[in-house]
Amino acid sequence: MSDAPIYDIDPPAFWADPYPDLAGMRARAPIVYVPQLGATLLTRRDDIFDNEKRIEVFSSDQPDGLMTVLMGQNMMRKDGAAHMAERKAIFPTVSPRTVRDTWTAQFRAATARILDDLAGRPGFDLMADYAMPVSAEALKAMTGLTNMTAHETNRVSQGMIDGCANYAGDPAVEANCHDCTASIDAHIDAMIPVLDAAPDHSLLSVQRRAGLSDAQTRANIKLAISGGQNEPRDAIAGTVWALLTHPDQLALIRSGAATWLQAFEEYARWISPIGMSPRRVARPYTLHGVTFAPDDRVFLMFGSGNRDERVFADPDRFDITRDTGPAISFGAGPHFCAGAWASKALIADVALPMLFDRLPDLALDGDAPFGGWAFRGPLRMPVRGPVRGPVRGAARPV
Ligand code: HEM
């Protein structure tokens, strides 16, 4: 382990709200060792931004890590040329052009159907009944697993996330994770002949055409599902919650003084859907007087960097007019989120405007508790509608 100053946390309190401790860590020292997590944490924005690029020190290759063991070695667990080759191979799925020309219309059509299904209901759970299926339908299209239900996409995503965080080795969590990856493999098996016969821009189709191996293809689809379902889901619901609890900010959008994209980007800075990314130290290294040894576990704390008072004025304030340019919500190095363009289109061009268009009187209807620090978002969000019927030409795909 590194010789960084020790900072103790109470894990349940950290899960309930990590931000007071993250501020305490930043105040204490630039780098801290947290015994309860068995990891050394980089908490300042500029340190994360600079050091994430030093892949010869902070390696993504973690052969013994739970993600690699349970889901196969995906691109996020590779460095250098091996990583870049796969990143290049999947570009036709996630490029800004494909998002604009292919996915956005599909996102709109699926979201319109979800809103139609909610029409007439006086209230619903914005997490379970809107954000979850909107995110899942987008991911089904992008992965190519259109044969999976939205609930199954959500289930297998959560099962893999739980499996990757199962440091205590709970056999039930591990067994459930295996069940989830087996479900994905079965859905892939069924879609391969369909997509080979009619290729499209999906991750499954694009990787097969690029000649990636079966193992690479499956591991990257599992990665996209584990990382691409809960983040847009949590960001959609979270941004709605932030706007409803800050009506002055929502008024800025309604008056045209600010955009949905500004709201999403500020939300993702303020409450980062992915709070951290792990690395393995590959060679001895010293930073701010802290000595790192090979195989030390390091967490790049994006959620902390996004509240770094050295970079963001009044960082705990939700202010959609601030410059979120320095934020590291999507990462800050070669592993910068491959789904960033798709997420921005889904959330800022589709999910938020269509929701507020169809529910002009949308209001919270009870508490919306949040949880998590590695992944953070609302746990549930009861809201009142009602959802208006579709307005011809207003919210439908062109
Ligand atoms: C609000 C939405 C999202 C957020 C905040 C988010 C955030 C992140 C972050 C922080 C990373 C790690 C970056 C790093 O270590 O430097 C990442 C990686 C990744 N994300 Fe996302 N993500 C989102 C949505 C998505 C979606 C929808 C997909 C898939 C369609 C996706 C696919 C990926 C992939 C494949 C990687 C690994 C990239 C690589 O290793 O090169 N993400 N994301």
Side-chain angles (χ1 to χ4, degrees), residues 42 48-49 51-55 58-62 67 71 73-80 82-91 93-95 98-99 103 107 131 134-145 153 157 161 201-204 206-207 216-217 219-239 261 263-265 267-279 298-303 305-306 324 327-348 350-352 374-377:
L42 266 59
I48 298 169
F49 188 81
N51 286 284
E52 183 169 353
K53 297 166 184 80
R54 288 182 217 273
I55 59 171
F58 297 109
S59 172
S60 292
D61 183 9
Q62 300 161 46
M67 179 179 258
M71 291 162 50
Q73 191 181 12
N74 60 53
M75 72 174 77
M76 207 169 73
R77 291 289 180 265
K78 294 182 183 176
D79 293 323
H83 165 247
M84 286 317 290
E86 293 184 30
R87 183 87 194 202
K88 199 171 156 204
I90 69 152
F91 190 66
T93 301
V94 295
S95 75
T98 309
V99 169
W103 301 133
F107 295 166
V134 166
S135 180
E137 291 300 334
L139 196 58
K140 284 166 54 182
M142 284 191 290
T143 55
L145 300 194
T153 306
S157 174
I161 289 170
H201 285 91
S202 70
L203 206 48
L204 179 53
V206 158
Q207 289 185 99
Q216 289 172 309
T217 302
N220 287 330
I221 288 181
K222 287 167 192 161
L223 165 67
I225 295 177
S226 75
Q229 166 61 10
N230 59 324
E231 291 84 355
R233 180 197 68 198
D234 295 352
I236 291 166
T239 307
L261 183 60
F264 161 55
E265 290 187 328
Y267 173 78
R269 179 203 68 81
W270 188 49
I271 299 184
S272 306
I274 294 195
M276 76 92 173
S277 189
R279 295 293 185 272
V298 170
F299 290 169
L300 306 174
M301 301 300 287
F302 301 136
N306 278 342
T324 54
I328 48 176
S329 323
F330 287 105
H335 293 278
F336 181 87
C337 177
W341 291 297
S343 300
K344 287 179 190 181
L346 175 67
I347 297 167
V350 177
L352 296 174
F375 297 101
R376 185 164 183 80

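Both ligands and their constituent atoms are indexed starting at 1 by order of listing. FYI, the numbering just counts along the sequence from 1.
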* Mind checking whether A342 has a heavy atom under 4.0 Å from ligand 1? -> no

* Evaluate the ring planes of Y267 and W270, with Trp represented by its six-membered ring, and classify them as parallel (under 30°), tilted (30 to 60°) or perpendicular (over 60°). => perpendicular

* Check ligand 1 against M76 and write out every atom of the ligand that is under 4.0 Å from a heavy-atom position of the residue. => 18 (C), 37 (C), 40 (O)

* Asked: At a 4.0 Å threshold, what atoms of ligand 1 neighbour a non-hydrogen atom of F302?
  -> 10 (C), 14 (C), 15 (O), 16 (O)

* Where ligand 1 meets S277 - atom numbers and elements under 4.0 angstrom, heavy-atom basis -> 15 (O)

* To do: Record the part of V94 in heavy-atom contact with ligand 1 below 4.0 Å; permitted values are side chain, backbone, both and neither.
  => neither

* Asked: Closest heavy-atom contact between S157 and I225?
  -> OG-O, 2.9 Å

* What is the minimum heavy-atom distance between A332 and E52, and which atoms define it? -> N-OE1, 3.1 Å

* Please could you name the atoms of ligand 1 that E52 approaches to less than 4.0 Å, counting only its heavy atoms? => 14 (C), 15 (O), 16 (O)

* Asked: Does ligand 1 have any atom that is closer than 4.0 Å to a heavy atom of Q229?
  -> no

* Which residue and heavy atom of the protein sit nearest atom 38 (C) of ligand 1, plus the separation -> R87 NH1, 3.3 Å

* Can you name the nearest heavy-atom pair linking A235 to I347, along with the distance? -> CB-CD1, 3.8 Å

* Please check if any side-chain donor atom of R54 sits under 3.5 Å from a side-chain acceptor atom of N51, or the reverse. => yes

* To do: Please lay out, stage by stage, how H335 and S60 fare under the test side-chain hydrogen bond (donor to acceptor under 3.5 Å, both in side chains).
  => CA-CA 9 Å; H335 293 278; S60 292; 3.2 Å; yes

* Structure fact -> Per-atom filter on ligand 1: closer than 4.0 angstrom to a heavy atom of H83 are 39 (C), 40 (O), 41 (O)

* What do you reckon, does S329 have a nitrogen or oxygen under 3.5 Å from a nitrogen or oxygen of ligand 1? -> no

* Given K78, which of E86, Q62, Q73 fulfils the side chain to side chain donor-acceptor pair (under 3.5 Å) condition? -> E86

* Structure fact -> Near atom 21 (Fe) of ligand 1, protein N/O/S count under 2.8 Å comes to 1

* To do: Write down the atom of L346, the atom of P232, and the distance for their closest heavy-atom approach.
  => CD2-CB, 4.0 Å

* Asked: Taking C-beta and beyond as the side chain, do M71 and R77 meet within less than 4.5 Å on heavy atoms?
  -> no

* **Closest heavy-atom pair and its distance - E231, G228** => OE1-N, 3.6 Å

* Asked: Heavy atom of R279 under 4.0 Å from ligand 1?
  -> yes

* Asked: Which of parallel (below 30°), tilted (30 to 60°) and perpendicular (above 60°) describes F264 and F330?
  -> perpendicular

* Structure fact -> In short, Q207 meets I221 closest at the heavy-atom pair NE2-CG1, 3.8 Å

* Asked: Where's the contact between A332 and ligand 1, heavy-atom distance under 4.0 Å: side chain, backbone, both or neither?
  -> backbone

* To do: Answer with yes or no whether P232 contacts ligand 1, where contact means a heavy atom under 4.0 Å from a ligand atom.
  => yes

* Contacting atoms of ligand 1, where contact means under 4.0 angstrom from a heavy atom of M142 -> 30 (C)

* Rounded to the nearest 0.5 Å, what's the gap from CE on M276 to CD1 on I48? Could you check? => 11.5 Å

* Structure fact -> So for H335 against ligand 1, with non-hydrogen atoms under 4.0 Å, the contacting part is both

